[in-house]
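These notes are about the structure you will find just below.
The figures that follow rest on heavy atoms only: side chains count, while hydrogens, waters and symmetry mates do not. When a residue number appears, it is its place in the shown sequence, counting from 1.
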Amino acid sequence: WGAANAERVLDWMIGLNERERRRKSVKPSSSEEDISVRRGGMDPKNEVIRPSTFNFVTVMDAWAKAEKGVEGAQNCERLLERLISLYDKLGYAELSPIPLCFCTVINAWAKANQEHETAEHAESILDRMEELYLNRNPSNPKEMLNNFAYNSVIDAWSRRSGSDVAERAERVLRRLVNNYERTNNKFLRPDVISYSAAMKACVSHPNGGEKALKILEEMNNQYRGGNVKARPDTQALAVAIDACAKSGLTTEAERILNDVDDSKKHNVLFNTIMSGYKSEGRGKEAEAVLRRMIRLEDAGNNRCSPDMISYSLCIEAWGNSTSPDRVPRARALLDESIKRYQMSGDNNCKPSNTTFNVTANIIANSDDPDRESHVLALFETMEDNDCELNLISFNILIKVCGMASGSEERKGNALRIAASAFNSLPSLGLRACSITYTGMIHAMKNLMEDSTEKTNAIAGVFQQCCNEGCLNQHILNVLATATSKDSFLSITGLSRSEGTPEINTLPAEWSNNSTRDQ
């Protein structure tokens, strides 16, 4: 609304100027001319309204910030073309297109959406800018090419996804560096924004950590060489840390964190590093990072206080490790977070079902001989802490019960827990998914002794699964490998004479609500 109104005002200004010029193009009589000159109406210098480049830029910027995506970017570019056309027609110095006009359009296309085409279009406008301004040497700084346009295009590529975005972003950075070195235009010198955007584009690249480290080294070399605007700031270091943590270079990420002044450290940086250690299954290192956070908190830096995300990441790091201590350390960290909340009222450490579920899953995947009882006890603690069990909680519980072994009494008890969890879902407003049905089928297959009773029970669950549209290929494969052809036919009503049926050959309504294929 604001951009459209701003453009209406611009149209009005242009219209007034047009009418003024037409009026003056009609030569008046000598007496009229004397009067007109005295009123200041004939002298072109005294035109009441003259649109200017900055009027256009103001409206273009309004469209760029109107959150209209591609439409806003198109309107920006349309106004740029209108400005150029009007300048060619009128020759007003005030209408001379300057780099800022192109930068505004580039920025609009850079942020229009997440598609490659819009980033490529932004880069094509940069190409046009270079043709117009790169080899100029004007006295007015406003007419000189600057790094803003390059930074916007690099940022555009950093916002896109794909295997080539890191290379595309770095290619633009190299253009900027080369053009600066060739022209010695101080406004083209790359700065911290240029390098940070290029590193951001590397975050999702398989070798993003290595690429980010090279760019960070170049930033430091630039700074040491006198480019004070290239000095890495906390945000740049955070991007480098993120890139390293996501590509298996978490130790390097922690080394970068060590270069950040303690007063500028915050828990997001530490959580990013623990996320890397989580992916690498390095629980001991992740917990060491957590302890650093607590020491900084004790020293008065509350920005480094661990939150529930910190504890969850640390717990998962232990869970992904091969350490024999992974279960007791996960339990101890969960208990520590609960104690922080209960003793100090730290709402940032208020237990969540996510953290309980993560811990429960670690216990479920351990070799703890009594794991189903421990998971059940954990979920009781979860309820005691006002955390509601969700479908993930019940899926974990059903899964771990299905893994029970030992005496008939123990297996029977595990089956009762699994069945009770499964049957309680509707009363809690929860709906079973494909994973739930997979867990129940595994539980009945592993825990029931009587073959007839087992076949009938699985058949009932299978029918319910199909009625709810949750059947997937994994469930069919589980049944096919665990039952004879006759039992498979009794359970599913499907023949295995030509192999396990493919899900895409069965009625679509059996699988229209299915979740991931497991």
Taking the basic N atoms (NZ, or NE/NH1/NH2) and the acidic carboxylate oxygens, is any pair closer than 4.0 Å for [X] and [Y]?
X	Y	answer
E210	K214	no
K265	D262	yes
E167	K211	yes
E297	R340	yes
D127	R175	yes

Side-chain donor-acceptor contact under 3.5 Å, [X] with [Y]:
X	Y	value
N385	Y341	no
T381	D384	no
S275	T272	no
N258	R292	yes

**Asked** Any side-chain hydrogen bond (donor to acceptor under 3.5 Å, both in side chains) pairs touching residues 316-325, not counting sequence neighbours?
**Response**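 Those involving residues 316-325 are E287-W318.
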
Are more than 12 heavy atoms from other residues, nucleotides or ligands located less than 6.0 Å from atom [atom1] of [X]?
X	atom1	answer
I84	CD1	yes
I309	CD1	no
R231	CZ	no
E181	CD	yes

Look up atom [atom1] in [X] and atom [atom2] in [Y], then write down how far apart they are to the nearest 0.5 Å.
X	Y	atom1	atom2	answer
C103	D61	SG	CG	11.5 Å
L176	N146	CG	CG	9.5 Å
D259	E254	CG	CD	11.5 Å

Please find the pair of heavy atoms, one from [X] and one from [Y], that lie closest to each other, and give the distance.
X	Y	answer
V165	A201	CG2-O, 3.8 Å
A236	V192	CB-CG2, 4.1 Å
A110	R159	O-CD, 3.9 Å
A240	I256	CB-CD1, 3.9 Å
R160	W109	NH2-O, 3.5 Å

**Item:** Chi angles and distances behind the salt bridge (Lys or Arg N to Asp or Glu O under 4.0 Å) call for E336, K339
**Value:** CA-CA 5 Å; E336 181 180 321; K339 184 178 180 181; over 6 Å; no

**Message:** Please identify which of these residues, E77, E81, E123, meets the salt bridge (Lys or Arg N to Asp or Glu O under 4.0 Å) condition with R128.
**Reply:**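 Of all the options given, the one that passes is E81.
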
**Request:** Please work out whether the ring planes of H474 and H442 are parallel, tilted or perpendicular, with thresholds of 30° and 60°.
**Result:**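 Because their plane-to-plane angle lies in the 30° to 60° range, the rings of H474 and H442 count as tilted.
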
